[in-house]
Amino acid sequence: MFADIVSNLSLGLSIAASPEGILFLLIGAFVGMIVGLFPGFGPAAGIAVLIPLTFGLEPTIAIIMLAGIYYGSMYGGTITSILINTPGESATVASTLDGYPLAQKGRAGPALVMQAVASFFGGTIGVILITALAPSLASLAASFGPSEYFLIIAVGLLMLTTMMGDNKFKGFISALIGFAVGTVGVDVMSGQQRFTFGSPELIGGVYFVAVAIGLFGVGELLHCILNGQHREPAKKLRISFRDKEFWPSKQDYYESRYTFWRGSIIGFIAGVLPGSGATLGSIIGYSVEKKIAKDPEKFGKGEMRGLVAPETANNAASAGAMVPLLSLGIPGSGATAVLLGAFMMWGLQPGPLLIVNDPGFVWGLIASMYLGNMILILLSIFAIPLFVKFLDVPYVNVVPVIVLLCVIGAFAINASIVETWILVISGLIGFAMKTYGYSPAATVLALVLGSMAEETFLQSYIISDGTMSLFWERPVSLVLSIVLLTIIAVPLTVATLQRYRSNRMFSSDDKA
Amino acid sequence: MIKRAIFGTMAAVAALSFSATPGIAEEYPAERLTYTIAFGPGGGNDRMSRTLVDILKQYELYPGNIVVENREGGSGAVGFSYVKRQAGNPYSATSTSGNFIGTPLVADTDWTYADFTPIALLASDAMFLVVRTDSDFKSLDKVVAAANEGRITIAGSGSAGPERVTASLFAQAAGIKYEYVPIGSGGELVTALTSGSVDAVVANPSEVAGQIEAGTFTALAFSDTERSTNHPEIPTFRELGYDFNFSLPRGVVLPPDLDPAVQDWWIAALKKAVDTPEWQDYLVTNGMSGNPIWGAEFGVYLKETSTKYETVLKDIGAID
């Protein structure tokens, strides 16, 4: 098996490491970073725009470039999460929780370097796992039906509670707002419309990107203006590679040394499962890290581990999503669906036989991902001083630029004014949420996961004829059900035991 | 060689329309064409539109520049509404697919198929009924027998899409009851079957061709009137004794209120386009059969498909 891996990889490298391969990989990685930087203009759109450029190319070279855009956008996407608290996609929502506070504490440089390092680590671990495990993991992805999806999404939803901040009640309200917004659109069972008020734009539901940009980006701006931040003079940050403050400290690396591994592995597994892999991966990665930390109170206030966990996870997930795409022909996200469309344009038939019929194509792509991650970490680190310079600009000048970026991003989704209105309304709601301590992250993630949970639950319900037996009759579902119940039961039991114990202590004190 | 032949016919076409309506023939097409795609990039409609536009450019069938725009949203409602509002503008075109018929039936749109100027049905996109190769369903009759004995589940994309219409027409023709499971996207549809969650799926050939080729899935029947050119071994429902057919119009329409000469110009141009090797490749890769229908006949075809669709949606209670 080891010999197989070596021969496959060297076949791949012989294609990917050609001058042509490296040139187009550079283009793809660069475009990916840029695409990631603009909120709303995601990898799916970036890939689609560049597909026409690939027609004259060898399919392997073309896919190397397009895949570079796909995972490159994961590097760029976090930059806005850290600098302006605006996640460009659902997979980087979790990165705002500690990324933005780090920037506010004046540690934007280390945060950006760390996210690049974490992205590189997660991405590379992801590719190593693909190389070694793709065939065996493909069968895992193939064994996931509606009931398994529902259970894994339910695990993700439970994990949301760790991201809600201190006030759980307000956190739940925030999540419920997300669920409510998620009900807009066509009811998946009957085909009837819910809450669309006759607007054809709303038939497909409220697209979360406009909501995310509004709640985070615009909400944050309004909140800063409320605090009078626009009157403050700009902080002059000296930024240079030679400065010690530019790089993450030894302590940062030391404290997150296990986080890198945990985030990568959790993210990769989530990515292999088609669906909302990178988003679920980043949520679970963050929650696990906070749960097992001895000092969970530091999270959400600018903790490096809180940035490393979701960043390793979402990059490992974007690598993981290549497993079902290449070995089964199953796209797991919007961007991989566009890649799949490109396969067909080049005359390749995605499916289980792709790796057998076109090994050069598949292994060329996998090998290019090793090189791509190296290019991306260098590109990011060289570009960081540029991005940090952004913080030097007085806030009063930054505001119009961010507003413009947000409006363009929202409008670009469908070239329609409806998303722009959604942005404005979510901006006002985001402002209120920020001011009164609600959790925009819970709202956005509940919006993304809520409608998926509803659909997969109803599918399971129909399949099992209303008995829900599917959740324990299928082996993988049974395992997931047990995990789910454990997650619910353990904290409850611990809490009850503690109450019982403290009661007893209290009563024995009383007697004495 | 090919180029010269096309150039020749182009000239002939131009001359022909010149004699019919001198005013427009001299000028049309004189401006940039905007080709609207009412769906997102990478999807079926997008692939067809971009292939077609590339052919128009490559063979210089359209003399001017062509801009392609994705206006997705509301299952095509947004993009088709945009094109409809271009009434009288001969420099706007779009591609039809299932939602062109389906969306106006389920949603309150400001357009229906009848509003547009029909140019051509270029390909019909029919459905496979697919089962796992290792399942007990070795033939369509086995599926029918199982449904009569107990309960079968058939999944398809969307709650009121063409997959459901096909499943429903099949159940009607076979006189069986079945449970329809609406599943989101193409990927989840494939795993619903690989994971053994459902008994069968109705799917677009391109979504399952890879699995069929690998031997994981077996297609039991095809919903077109004739066998697919890509999978000639798979019989049609009709041949197997289930009397129905259903396919989606993949074609080109223009905005309403156009000069008939514009319609004729487009019919002539697209007749050239479907003869190119690129178009034939497209049909093969995407598993479609190409039996083109032109102009007013395409309008009739759209009407028939819409009626069929509407009847099924009423039967299943998706619309009143």
Side-chain angles (χ1 to χ4, degrees), chain A residues 44-45 47-49 51-52 55 141-149 186-193 196 198-204 274-275 324 328-332 334 337-342 344-345 347 349-354 414-416 418 452 455 459-460 462-463 465 470 474, chain B residues 40-44 46-47 50-51 54 68-75 77-78 81 103 106-110 151 153 155 158-160 164 179-188 190-192 194-198 206 208-216 281 285-286 313 316-319:
Chain A
I47 293 170
V49 168
I51 283 181
F55 284 135
S143 68
F144 260 60
S147 53
E148 287 82 13
Y149 281 123
V186 169
D187 171 33
V188 69
M189 292 300 124
S190 66
Q192 280 168 346
Q193 293 178 46
T196 56
S199 159
E201 281 88 351
L202 291 179
I203 294 174
L328 297 171
I330 294 171
V338 178
L339 282 181
L340 193 80
M344 295 171 75
M345 280 187 159
Q349 175 65 64
L353 290 187
L354 183 68
N414 280 333
S416 106
V418 174
M452 289 170 61
E455 279 178 25
Q459 285 157 3
S460 316
I462 296 182
I463 291 170
D465 205 8
L470 221 53
R474 295 168 55 83
Chain B
D46 186 68
R47 281 207 297 278
R50 288 180 191 272
T51 310
D54 285 340
V68 178
E69 275 185 356
N70 288 87
R71 286 182 181 268
E72 56 182 305
S75 304
V78 176
S81 166
T103 304
V106 295
D108 187 18
T109 54
D110 60 352
R151 182 171 179 278
T153 49
S159 51
R164 179 153 201 184
E179 207 69 60
Y180 182 78
V181 186
I183 305 261
S185 70
E188 287 158 50
V190 171
T191 54
T194 54
S195 69
S197 300
V198 296
S206 66
V208 288
Q211 309 288 337
I212 292 174
E213 204 185 313
T216 331
D281 278 353
T285 319
N286 292 279
L313 291 183
I316 60 175
I319 54 172

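Scope of the values below: all heavy atoms of this structure, side chains included, with no hydrogens, waters or symmetry mates. Naming: A, B, ... by sequence-line order, numbering from 1 per chain.
Remark: Asp281(B) engages no residue in a salt bridge (Lys or Arg N to Asp or Glu O under 4.0 Å) (not counting sequence neighbours). With sequence neighbours left out, the side-chain contact (heavy atoms from CB on, under 4.5 Å) criterion links Val198(B) to Ile463(A), Thr153(B), Ala155(B), Val181(B), Ala192(B), Leu193(B), Val201(B).
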Q. Does the side chain to side chain contact (heavy atoms under 4.5 Å, CB included) test come out yes or no for Ser197(B) and Arg474(A), once each step is laid out?
A. CA-CA 9 Å; Ser197(B) 300; Arg474(A) 295 168 55 83; 3.5 Å; yes
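Note: Arg151(B) leads Arg164(B), Glu213(B), Glu179(B), Arg151(B) in heavy-atom pairs under 4.5 Å with chain A. Interface check for chain B: of the options Asp465(A), Val418(A), Leu354(A), the most heavy-atom pairs under 4.5 Å are formed by Asp465(A).
Ion pair Arg50(B)/Asp46(B) flagged as a salt bridge, since at least one NZ, NE, NH1 or NH2 atom sits closer than 4.0 Å to an Asp/Glu carboxylate oxygen.
Heavy atoms closer than 4.5 Å to chain A are found in both the backbone and the side chain of Gln211(B).
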